[in-house]
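Data first, discussion second: the structure below is written as structure tokens.
In the text below, chain A, chain B and the rest are named by the order of the sequence lines, each starting its count at 1.
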There are 2 protein chains.
Amino acid sequence: MGEAKIELLRGTLDMLILKVVAMCPSHGYAIAQRLQQISKDFFQVHQGSLYPALHRLEDRGWLQAEWKNSETGREAKFYALTKKGRRQMDPEVVNWERLCDAVGQVLRAPEEES
Amino acid sequence: MGEAKIELLRGTLDMLILKVVAMCPSHGYAIAQRLQQISKDFFQVHQGSLYPALHRLEDRGWLQAEWKNSETGREAKFYALTKKGRRQMDPEVVNWERLCDAVGQVLRAPEEES
DNA sequence: GAGGATGCCTAGAAAGCCGACATATATACA
DNA sequence: TGTATATATGTCGGCTTTCTAGGCATCCTC
């Protein structure tokens with residue numbers, strides 16, 4: 001029974017992808033791996049979320065794609081952050097931090113009202 | 001043009017509602033106000049999000065509703081946290097904190113790779 | 001040759017949020 | 001008296017995002 005499936009990404013996936021790509025242009029598979037590594041296995045980016053997100057971000061002009069050879073010598077689609085993507089990402093990060101603060105305010109509010 | 005509408009709640013609404021109700025059983029309108037106050041106007045809970053969420057949480061047995069008179073002497077539907085709701089909320093809060101940590105790990109990762 | 005890792009993709013369903021709308025009462029004010 | 005505003009609840013349709021579950025292809029190792 002039980003089966004308490006926890007949703008992991010909650011609308012942060014786009015921002016996380018932009019950030020990883022800002023660190024270093026990468027292909028989808030590597031982006032997912034890096035997110036999992038950096039987050040110490042908290043994020044498990046499913047391919048059914050990853051690739052639609054990449055196409056979305058490319059459509060919006062935030063990422064630019066180019067086919068290249070990966071480290072293993074195979075064809076892979078490398079995504080790079082565009083200037084437009086940078087202009088999107090920075091405020092999004094600020095907004096995320098404000099969101100965290102706001103949620104923290106609520107969660108840390110005392111349960112007893114005086 | 002411009003108009004960068006930022007989505008504020010991102011899947012945290014349920015948890016926030018549970019937390020506010022854990023502080024003090026309240027009706028919907030007051031919950032929205034309190035969230036806005038505590039978060040210093042960062043959260044603006046829209047009615048089209050709030051009431052479906054309350055019904056959802058009640059259907060799942062996490063909240064229990066009761067009609068009472070509000071402070072202004074009008075009929076209002078007061079929601080209280082159930083034991084089941086408590087058992088839902090606590091791990092959700094822990095998970096949220098882990099999510100914040102994980103996102104922070106990514107966002108604070110250096111953009112230059114050595 | 002079988003399996004696993006690497007790499008890309010899509011389709012369908014479910015869920016959540018928002019904007020807009022509808023409704024009703026109490027209060028304040030002109 | 002009439003009107004606007006705050007209080008209070010709700011629905012509906014559309015949009016976006018996510019997940020599950022599949023498909024396809026190559027390369028390497030056993």
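- Side-chain nitrogen and oxygen atoms of B/H55 include none within less than 4.0 Å of the OP1 or OP2 phosphate oxygen of D/dT9.
- Distance check, rounded to the nearest 0.5 Å: OH of A/Y79 to CG of A/L54 gives 4.5 Å.
- Looking at which nucleotide of DNA chain C each of A/E75 and A/P52 is closest to, the 5′-most match is held by A/E75.
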Check step by step if side-chain hydrogen bond (donor to acceptor under 3.5 Å, both in side chains) holds for A/Q88 and A/E92.
CA-CA 6 Å; A/Q88 173 65 26; A/E92 232 177 278; 2.6 Å; yes
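- One interatomic measurement links the two molecules: CD1 of A/I31 to C1' of C/dG7, which rounds to 12 Å at whole-angstrom precision.
- The nucleotide whose nearest atom lies closest to any side-chain atom of A/D14 is, among D/dT26, D/dT18, C/dA26, D/dT18.
- DNA chain C lies under 4.0 Å from no heavy atom of any residue of residues 38-45 of chain B.
- No contact: B/G73 has no heavy atom under 4.0 Å from any strand.
- Going from atom CE of A/M15 over to atom C1' of D/dT18 covers 16 Å, rounded to whole Å.
- Atoms CG and CE, on A/D90 and A/M15 in that order, are 11.5 Å from each other to the nearest 0.5 Å.
- Residue contacts shown for B/G48 include a base, since a base heavy atom lies under 4.0 Å away.
- Side-chain N/O atoms of B/Q47 and base N/O atoms of C/dC18 include no donor-acceptor pair closer than 3.5 Å.
- Rounding to whole angstrom units, NE2 of residue B/H46 and P of D/dT9 are separated by 17 Å.
- Note that the CG atom of B/L35 and the CZ atom of B/F42 stand 12.5 Å from one another [nearest 0.5 Å].
- Listed candidates were D/dT9, D/dA25, C/dT10. Nearest to the side chain of A/R74 is D/dA25.
- Distances were taken from every side-chain heavy atom of A/A76 (C-beta onward) to each of D/dT18, D/dA6, C/dC8; the shortest belongs to C/dC8.
- Remark: C1' of D/dT16 and CG of A/L9 are 15 Å apart, rounded to the nearest angstrom.
- Mapping B/Q33 and B/L54 onto DNA chain D via the closest heavy atom, the residue that lands nearer the 5' end is B/Q33.
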Evaluate the side-chain contact (heavy atoms from CB on, under 4.5 Å) criterion for residues B/Q44 and B/Q36: first the C-alpha distance (whole Å), next the side-chain angles of each, then the deciding distance (0.1 Å), finally the verdict.
CA-CA 6 Å; B/Q44 290 163 22; B/Q36 196 164 345; 4.0 Å; yes
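- Between the NE2 atom of A/H27 and the C1' atom of C/dG7 there is a distance of 7 Å, rounded to whole Å.
- The two atoms that bring A/K84 and A/R60 nearest to each other are NZ-O, 3.3 Å, heavy atoms only.
- Between B/L50 atom CG and D/dG10 atom P the separation is 9 Å, expressed in whole Å.
- Rounding to the nearest 0.5 Å gives a distance of 9.5 Å between CZ of B/F43 and CD of A/Q105.
- Taking atom OH of residue B/Y51 and atom C1' of nucleotide C/dG16, one finds them 18 Å apart after rounding to whole Å.
- Between A/R56 and D/dT18 there is a side-chain N or O to OP1 or OP2 distance below 4.0 Å.
- Put simply, A/T72 has no side-chain N or O that comes within less than 4.0 Å of OP1 or OP2 on C/dT6.
- Residue A/K77 has its side chain nearest to C/dC9 when only C/dG16, D/dA25, C/dC9 are considered.
- Taking atom CZ of residue B/R10 and atom C1' of nucleotide C/dA15, one finds them 17 Å apart after rounding to whole Å.
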Please report the C-alpha distance between B/R34 and B/S26 in whole Å, then the side-chain angles of each, then the deciding distance to 0.1 Å, and finally whether the side-chain hydrogen bond (donor to acceptor under 3.5 Å, both in side chains) criterion is met.
CA-CA 10 Å; B/R34 203 154 310 158; B/S26 314; 3.3 Å; yes
